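Input: a single structure, listed below in structure tokens.
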Amino acid sequence: MKIIISFFVLLLLAGCSGSPKPKVSDEERMEITKNYDGLQENYRARLKKNPKDYIAAVKLSGAYFKDGDIEAASYYIDQVPDDECSKIDTCWLTRADIAYHNKAYSQAKYYIDYSLAVGKDVFAVKNLYGIMLARQGKFDEARKYFFEARVGFKSEDAIRNNLAMTEMMEGKYDKAAERLTPLYQKNRYDTKIKANLIVSLMLSKQYSAVKNLLLQEMSEEEATEMFMQLREDLAKPTNDTLPTLHVESGKTVTPQVPSLVPTNKTVQQDADHNEDV
């Protein structure tokens, strides 16, 4: 059977070999590999050559934000005039991301509204607003925006994780597990989705499913030890561990809401912000 499958794969590869392959630019390659130093150097060089290259300024701000340098991200996005910002993809979104990171929520909402008004990054800013609403405990409204974002957001799986996160914050752990399990079964998960799945399974007392999941990656002894540690951690009444969200920037957000819902931190995992509730 393995020989037949291998031969079939070879045929598929042979059939595709003659197709023209789109060339990946240096910028795209650095985005894929998350080479933020390289991206920053590239965009800074463009700005040095032309200080009014506002597209480069927006991209430079985004690169700094994804790299965790909020001060530099804020400086460069502030160099872009509002009328120019309305013409450039991710400009108002980056401003909203920075404001949200700084807990300037009313300012973030202002930027989200502006982005929607000019028709830029519509699905990404709706996802971010869904995160803001979930953080405020407005779960029904948050779901509304997540569903609206799901149609065009670059990662539908991230939206599904955010919906599951919202259900976890409501204490609906079984529904969250039901939403995330198909992603795991289809191997469409990252550490964030997997972490929230484990927590939701544990809190909905689906212990056999958790053990089976752990046994796929570790020995029985290690799985048993990990399972006992999870039970102990999740039994602690702490507000320090809440489910995290996917956002467009690729950063992760842990909402500070009055809840005792444990988060993926208890299994040393995280989830997504606006890129990637």
Side-chain angles (χ1 to χ4, degrees), residues 92-93 95-113 115-116 121-180 183 189-204 234 238-267 269-277:
W92 289 108
L93 172 62
R95 287 181 171 179
D97 276 337
I98 293 170
Y100 182 80
H101 179 274
N102 291 333
K103 299 183 179 180
Y105 303 122
S106 60
Q107 193 71 25
K109 180 59 166 57
Y110 172 81
Y111 294 143
I112 288 170
D113 288 343
S115 190
L116 291 172
D121 308 296
V122 171
F123 302 110
V125 295
K126 284 187 175 183
N127 176 61
L128 179 56
Y129 190 45
I131 293 171
M132 291 175 60
L133 289 168
R135 181 188 178 278
Q136 297 167 18
K138 299 177 181 178
F139 303 123
D140 288 338
E141 289 184 68
R143 263 189 291 273
K144 173 181 176 291
Y145 279 91
F146 288 144
F147 281 127
E148 289 180 4
R150 182 171 180 169
V151 179
F153 195 61
K154 65 181 182 180
S155 172
E156 183 179 0
D157 293 346
I159 297 293
R160 291 175 69 172
N161 179 72
N162 289 350
L163 286 165
M165 173 281 311
T166 302
E167 289 159 347
M168 292 172 69
M169 294 171 72
E170 293 179 284
K172 300 175 181 178
Y173 310 118
D174 53 341
K175 291 191 67 174
E178 183 180 352
R179 191 181 296 278
L180 295 177
L183 298 181
Y189 65 91
D190 54 17
T191 55
K192 309 157 190 178
I193 290 173
K194 180 182 174 184
N196 281 343
L197 173 59
I198 290 175
V199 172
S200 60
L201 287 170
M202 287 292 295
L203 292 175
S204 58
L234 292 173
T238 173
N239 201 31
D240 189 34
T241 51
L242 293 167
T244 52
L245 317 175
H246 280 88
V247 294
E248 180 65 26
S249 62
K251 299 177 74 64
T252 60
V253 175
T254 302
Q256 300 299 315
V257 297
S259 166
L260 299 181
V261 180
T263 149
N264 44 19
K265 290 182 180 178
T266 57
V267 287
Q269 304 286 356
D270 61 355
D272 299 273
H273 176 76
N274 210 18
E275 182 176 46
D276 342 279
V277 142

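Keep in mind that what you see is a predicted model, and the values were worked out from it rather than measured.
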Given 3.5 Å as the limit, does a donor-acceptor pair link the side chain of Asp121 with the main chain of Ala124, or not?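 Pair absent, no side-chain N/O of Asp121 close to backbone of Ala124.
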
Keeping Asn102 on the side-chain end and Ala104 on the backbone end, is there a donor-acceptor pair under 3.5 Å?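 No, the answer is negative, given that no donor and acceptor are paired below the 3.5 Å cut-off.
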
Between Lys109 and Asp113, does at least one N-O distance fall below 4.0 Å, as a salt bridge requires?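 Here Lys109 pairs with Asp113 in a salt bridge, since their nearest N and O are under 4.0 Å apart.
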
Could you tell me whether Lys126 sits above the aromatic face of Phe146, with NZ or CZ closer than 6.0 angstrom to the six-membered ring centre and within 45 degrees of the axis? no

Working for side chain to side chain contact (heavy atoms under 4.5 Å, CB included), residues Lys144 and Leu133: CA-CA 10 Å; Lys144 173 181 176 291; Leu133 289 168; over 6 Å; no

For residues Arg95 and Tyr110, is any side-chain donor paired with an opposing acceptor at under 3.5 Å? no

Any side-chain heavy-atom pair from Arg135 and Tyr100 closer than 4.5 angstrom?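 Arg135 reaches Tyr100 side chain to side chain.
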
pair Tyr189-Leu197: side-chain heavy atoms closer than 4.5 Å: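 Result no, sub-4.5 Å side-chain heavy-atom pair not found.
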
Could you tell me how the ring of Trp92 sits relative to the ring of Tyr111: parallel (under 30°), tilted (30 to 60°) or perpendicular (over 60°)?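 The rings of Trp92 and Tyr111 sit tilted, inter-plane angle from 30° to 60°.
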
For a salt bridge (charged side-chain N to carboxylate O under 4.0 Å, His left out) with Glu167, tell me which candidate from Arg179, Arg160, Arg143 qualifies.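 With Glu167 as partner, salt bridge (charged side-chain N to carboxylate O under 4.0 Å, His left out) holds for just one option, Arg179.
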
Nearest 0.5 Å please: distance from the OG atom of Ser155 over to the CD1 atom of Ile193. 6.5 Å

Can you measure from CZ (Phe139) to CE (Met169) and round to the nearest 0.5 angstrom?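 Rounded to the nearest 0.5 Å, the CZ-CE separation comes to 4.5 Å.
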
